[in-house]
Amino acid sequence: MNWTVDQIPDQSGRIAFVTGANSGLGLETTKVLLEKGAKVIMGCRSIEKAQNVIYQFHEKIDSGLIDWIELDLGDLTKVSKAADQVASKYPRLDLLINNAGVMAPPRTLSKQGFEIQFAVNHLGHMALTLKLLPLLDKQTGARVVTVSSGAQYMGKINWGDLQGEIQYDRWASYSQSKLANVMFALELNNLMKTSKSEVDSLLAHPGLARTNLQSTSVDANGSWQEAFAYKLMNPLFQSARMGALPQLLAATNPTAKGGEQYGPRFNVRGYPKPCRIASLALINSDRKKLWDVSEKLIRDFV
Ligand SMILES: NC(=O)c1ccc[n+]([C@@H]2O[C@H](COP(=O)([O-])OP(=O)(O)OC[C@H]3O[C@@H](n4cnc5c(N)ncnc54)[C@H](OP(=O)(O)O)[C@@H]3O)[C@@H](O)[C@H]2O)c1
C-alpha cells in the first residue's frame with residue numbers, strides 16, 4: 001500500500017521546528033503538520049516570506065499553532081541565537097526537520113568563511129541540532145529528520161579540500177554536503193543510542209521535486225544550459241507535495257526508526273519507502289572523522 005498523508009496520526013500536542021519552512025518541501029511539510037494538528041515553528045531567514053506563509057494559514061488554523069524564528073544557516077551566530085530563542089519560548093521539542101538547503105551556487109562563503117553549501121546544508125544544521133538536543137531529549141519519541149538527496153550516492157568527502165579552496169566544483173560540493181547530511185544523521189543516531197537518549201535521527205531523500213531549488217540555482221549561475229536541462233527533465237520531476245512525503249513519513253510514522261532513510265520508490269519519484277544509504281556513509285571511521293572535523297568548525301557556536 002502506498003504511504004500517503006492520510007496515514008499520518010493526529011499530531012496534536014507535538015511541537016515541530018522546520019528549517020526552510022517558507023518554500024518547497026519545507027512549506028509542504030509545514031502545511032501537512034499544521035493540518036494534522038502539530039504546532040510548527042518555522043525557521044526562515046526572511047520575515048516577509050515567513051509572514052506570507054503565516055498569512056496563508058491565518059483563517060485555517062488557530063494562530064497559536066504557527067510561529068516563526070529567524071534562522072540564517074549561513075551564519076553560525078544566528079543559528080545559535082535561533083536555537084536559544086526556541087529554548088526560551090518552548091519547554092520541549094518533538095520534531096526537528098533539517099530541511100533547508102542551497103544547491104550548486106558559484107563559490108560563496110558563509111559569514112564565518114566556510115563554503116556556503118557545506119556551511120548551510122551541513123554545518124549550520126549540525127550546530128542547530130546540537131543546540132536543540134536538550135529540548136528534544138525532554139520528549140519521549142522525539143525525532144530529528146535530516147533531508148538528504150540522491151546526490152549522496154555521487155558524493156565524496158574531499159578531505160584535503162573540504163571548502164573547495166583549491167578547486168571548487170559546485171556540483172561536487174553539493175553532493176559532498178548531502179553525503180555529509182547522511183553521515184551526520186547516522187552518527188547522531190549512534191551517539192544517541194550509545195548515550196541511552198531516546199532521540200531518533202532519521203533521513204529523508206525527496207527524489208526530484210519541483211521547488212525553488214532549481215530556479216534559485218539557475219539564477220545564481222546564469223547557466224542557460226542548466227535551465228534548458230531542467231526544462232527537458234521537467235516530466236521526471238514530481239510535485240513538492242510528493243517530494244515532501246519521505247520527510248513526513250520519517251517524522252510521523254510510528255514504525256519508522258532511527259538510522260533509517262526514506263525515499264521515493266523509483267529513486268527520483270514515487271511514494272516513499274525505506275531506501276538505500278550511500279555506501280560511503282556506512283564507513284564508521286569516516287563518519288567519526290567528519291563529526292570531529294565539523295565539531296571543531298562549529299565549536300564556538302554550540
Ligand atoms: N527539490 C528537489 O528536487 C530536491 C532533491 C533532493 C534534495 N532536496 C533537498 O530538499 C531540501 C529542501 O529544498 P527545496 O527543494 O524545498 O528547495 P527550496 O524551495 O529552494 O527551499 C529551500 C529552503 O531553504 C532555505 N534556505 C536556503 N539557504 C538558507 C539559509 N542560509 N538559511 C536558512 N534557510 C535557507 C530557503 O530560504 P529562502 O526562501 O529564504 O531562500 C528555502 O526556505 C534541501 O535540503 C535540498 O537539498 C531537494
Side-chain angles (χ1 to χ4, degrees), residues 17-31 42-53 68-79 81-83 97-105 108-112 114-125 127-128 145-155 170-171 173-182 184-185 203-220 230 233-234 236-248 250 261-264 267-269 272 275 278:
F17 186 69
V18 181
T19 71
N22 61 282
S23 174
L25 308 178
L27 177 57
E28 290 304 324
T29 301
T30 297
K31 281 184 192 167
M42 303 171 61
C44 310
R45 57 181 166 170
S46 150
I47 184 165
E48 288 81 17
K49 289 181 184 179
Q51 275 174 343
N52 276 342
V53 177
W68 167 71
I69 278 181
E70 186 187 1
L71 173 72
D72 183 348
L73 290 154
D75 182 347
L76 290 168
T77 307
K78 290 190 177 167
V79 172
K81 196 171 154 202
I97 307 202
N98 288 328
N99 160 84
V102 57
M103 180 175 78
T108 317
L109 299 184
S110 73
K111 180 80 178 168
Q112 283 72 33
F114 304 127
E115 188 280 313
I116 199 75
Q117 299 182 87
F118 194 69
V120 169
N121 299 355
H122 170 57
L123 293 176
H125 278 125
L128 180 71
V145 177
T146 300
V147 179
S148 59
S149 161
Q152 70 183 278
Y153 304 119
M154 275 103 61
R170 57 200 176 84
W171 285 106
S173 183
Y174 178 67
S175 302
Q176 171 181 264
S177 74
K178 288 285 137 182
L179 177 62
N181 282 156
V182 181
F184 162 70
L203 283 150
H205 144 37
L208 292 178
R210 259 172 240 113
T211 65
N212 288 329
L213 195 70
Q214 301 83 25
S215 53
T216 305
S217 176
V218 165
D219 290 348
Y230 284 129
M233 285 161 66
N234 190 47
L236 270 183
F237 278 67
Q238 54 185 358
S239 65
R241 186 88 172 180
M242 279 295 289
L245 289 183
Q247 61 206 64
L248 283 162
Q261 176 168 245
Y262 290 88
N267 198 35
V268 292
R269 57 186 296 132
C275 78

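Order of listing sets the numbers, starting from 1, for every ligand and every atom in it.
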Examine the proximity of ligand 1 to [X] and report which part, side chain or backbone, both or neither, has a heavy atom under 4.0 Å away.
{"X": "P206", "result": "side chain"}
{"X": "V120", "result": "side chain"}
{"X": "S148", "result": "backbone"}
{"X": "M103", "result": "neither"}
{"X": "H205", "result": "neither"}
{"X": "N99", "result": "both"}
{"X": "R210", "result": "neither"}

### Message
Could you work out, with salt bridge (charged side-chain N to carboxylate O under 4.0 Å, His left out) as the rule, every residue matching R210, not counting sequence neighbours?
### Response
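Result, salt bridge (charged side-chain N to carboxylate O under 4.0 Å, His left out) vs R210: none returned.
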### Query
Is the closest side-chain donor-acceptor distance between K178 and N181 under 3.5 Å?
yes
### Query
With no hydrogens and no angle check, do the side chains of H125 and T146 hold a donor and an acceptor under 3.5 Å apart?
no
### Query
Could any protein non-hydrogen atom be found less than 4.0 Å from atom 36 (C) of ligand 1?
no
### Message
Any atom of ligand 1 sitting under 4.0 Å from a heavy atom of G207?
### Response
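So G207 counts as touching ligand 1.
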